[in-house]
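Just so you know, these numbers use all the heavy atoms, side chains as well, and skip hydrogens, waters and symmetry mates. In what follows, residues are counted from 1 in the order of the sequence shown.
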Amino acid sequence: MTRMSITNTPRAATADDAADISRTLARAFADDPMMCWFFPDEATRAEGLGRYFETLFTQHYGRHGVCERTDLAAAFWVAPGGRALPDEQTLDALGAVLGDRAPLFREGIEAAAEHAPPEEHWYLAVVGADPDGQGQGHGAALLRSGLAQADAAGLPVYLESSKEANLPFYEHLGFTVLGEAQLPGGGPTLWVMRRAPRA
């Protein structure tokens, strides 16, 4: 694929995209504080992240969420009525990927879920762009696609970010920080963010 043929136009992700999406997200989250906490061994992190995101996509968000991709980015959303937290079967599969970090993962996602707003909302679970595609509008295109769906329904959007450097990017798109959550077990800080619906 040449650089000229790479598109940042969002499209629905299918099961056939699993390998591409997992590779893209593994590269996107290689330096993310929460992912570095879940996968502390730098030598095996890339492989672990690839398996982690493939499992999340194929077993959870691909079934219970709204998943979109571009050539160099992917996003997983949960619409109202969807399942934000992985079920036990998915948690078991992720446990096999995470090894001795699996208990911390369970505690971490449960702690994060406590900060979810009670109001009906869209939830942005994952968005990431391959470093080769950053600055080319891939992530922004996916965010705008999901935000448009939430706006059409008149609903707010909620997310958590563990990377403080990403906060201005989200704020530019209308998100505001509601607060901070410290993950248990010495985990990183999560910034809880909300975006009000726009007409």
Supply the atom-to-atom distance Leu98 CG to Phe105 CZ, rounded to the nearest 0.5 angstrom. 6.0 Å
For the pair Glu47 (side chain) and Ala43 (backbone), establish whether a donor and an acceptor sit closer than 3.5 Å, ignoring hydrogens and angles. no
Any donor-acceptor pair under 3.5 Å linking the side chain of Gln134 with the backbone of Ala129? yes
Taking it one step at a time, do Leu147 and Val157 satisfy side-chain contact (heavy atoms from CB on, under 4.5 Å)? CA-CA 7 Å; Leu147 294 175; Val157 177; 3.7 Å; yes
Pairs where residues 129-164 contributes a residue and the test ring pair (Phe, Tyr, Trp, His ring centres under 6.0 Å) is met, not counting sequence neighbours: His121-Tyr158, Tyr123-Tyr158
Report whether Leu85 and Tyr52 are members of the same hydrophobic cluster (ILVMFWY, side-chain heavy atoms less than 4.5 Å apart, transitive linking). yes
Might you point out which heavy atoms bring Thr24 and Ala74 nearest each other, and give the distance in Å? CG2-N, 4.5 Å
Linking I/L/V/M/F/W/Y whenever any side-chain heavy atoms sit under 4.5 Å apart, do Leu159 and Leu56 land together? no
Are Val66 and Ile21 linked, directly or through intermediate hydrophobic residues, by side-chain heavy-atom contacts shorter than 4.5 Å (ILVMFWY only)? no
Side-chain heavy-atom pair Thr9, Thr70 within 4.5 angstrom cut-off: no
To check you understand the geometry: which heavy-atom pair defines the closest contact between Arg83 and His64, and what is its length? NH1-NE2, 3.1 Å
Using side-chain hydrogen bond (donor to acceptor under 3.5 Å, both in side chains) as the criterion, list what pairs up with Thr90, not counting sequence neighbours. Asp87
Distance in Å, Phe175 CZ paired with Asn166 CG, rounded so as to fall on 0.5 Å steps: 12.0 Å
Quick check against the 3.5 Å criterion: does Asp17 have a side-chain atom that pairs as donor or acceptor with the backbone of Thr14? yes
Show every donor-acceptor pair shorter than 3.5 Å between a side-chain atom in residues 30-39 and any protein atom, with sequence neighbours excluded, or say none if there are none.
from, atom 1, to, atom 2, distance (Å)
Asp31, OD1, Lys163, NZ, 2.9
Asp31, OD2, Lys163, NZ, 3.1
Asp32, OD1, Ser162, OG, 3.1
Asp32, OD2, Met34, N, 3.0
Asp32, OD2, Met35, N, 3.2
Asp32, OD2, Ser162, OG, 2.9

Salt-bridged, Arg23 to Asp130, with N to O below 4.0 Å? no
Which residues pass the side-chain hydrogen bond (donor to acceptor under 3.5 Å, both in side chains) test with Arg51, sequence neighbours left out? none
Heavy-atom closest pair, residues Gly146 and Trp77: CA-CZ2, 3.4 Å
Would you check, one step at a time, whether the test side-chain contact (heavy atoms from CB on, under 4.5 Å) holds for Gln149 with Glu68? CA-CA 12 Å; Gln149 295 177 72; Glu68 293 188 321; 4.1 Å; yes
Not counting sequence neighbours, which residues clear side chain to side chain contact (heavy atoms under 4.5 Å, CB included) with Pro184? List them please. Glu107, Ala111
CG/Asp41 to CZ/Arg101 distance, rounded to the nearest 0.5 angstrom? 10.5 Å
Separation between CD1 (Ile109) and CG (Leu104), nearest 0.5 Å, reads 12.0 Å
Partners meeting side-chain hydrogen bond (donor to acceptor under 3.5 Å, both in side chains) with Glu88 (sequence neighbours left out): Arg106
Show your reasoning for whether side-chain contact (heavy atoms from CB on, under 4.5 Å) applies to Trp122 and Val78. CA-CA 6 Å; Trp122 276 67; Val78 180; over 6 Å; no
Phe29 and Phe53: aromatic ring centres closer than 6.0 Å? yes
Sequence neighbours excluded, the answer for ring-ring contact (aromatic ring centres under 6.0 Å, His included) partners of Tyr61 is Phe76
Residues which pass side-chain hydrogen bond (donor to acceptor under 3.5 Å, both in side chains) with Thr176, listed by chain and number, not counting sequence neighbours: none
Joint cluster assignment, Val177 & Phe169, ILVMFWY side-chain distance < 4.5 Å: yes
Just jot down the side chain to side chain contact (heavy atoms under 4.5 Å, CB included) partners of Ala141, sequence neighbours excluded, or say none. Pro10
Taking all non-hydrogen atoms of both residues into account, name the closest pair between Gly139 and Val127 and its distance. O-CG2, 4.4 Å
Sorted by chain and residue number, the side chain to side chain contact (heavy atoms under 4.5 Å, CB included) partners of Ala19 (sequence neighbours excluded) come out as none
Asp71 side chain vs Asn8 backbone, donor-acceptor pair below 3.5 Å: no
Atom pairs and distances, side-chain donor-acceptor, residues 188-199, under 3.5 Å, sequence neighbours left out:
from, atom 1, to, atom 2, distance (Å)
Thr189, OG1, Gln182, OE1, 2.9
Trp191, NE1, Glu180, OE2, 3.3
Arg194, NE, Glu119, OE2, 2.7
Arg194, NH2, Glu119, OE1, 3.3
Arg194, NH2, Glu119, OE2, 3.4
Arg195, NE, Leu173, O, 2.9
Arg195, NH1, Asp151, OD1, 2.8
Arg195, NH1, Asp151, OD2, 3.4
Arg195, NH2, Asp151, OD2, 3.2

Taking every non-hydrogen atom, the tightest pair across Leu94 and Pro86: CD1-CG, 4.4 Å
Criterion side-chain contact (heavy atoms from CB on, under 4.5 Å) on Glu160 and His115, from CA distance to verdict: CA-CA 9 Å; Glu160 310 103 0; His115 296 273; 5.9 Å; no
In short, Ser22 meets Gly50 closest at the heavy-atom pair CB-O, 3.3 Å
Hey, what do you get for CG (Leu143) to OG (Ser145), rounding to the nearest 0.5 Å? 9.5 Å
Any pair with a residue in residues 133-146 that passes salt bridge (Lys or Arg N to Asp or Glu O under 4.0 Å), sequence neighbours left out, goes on the list, sorted by first then second residue, please. none
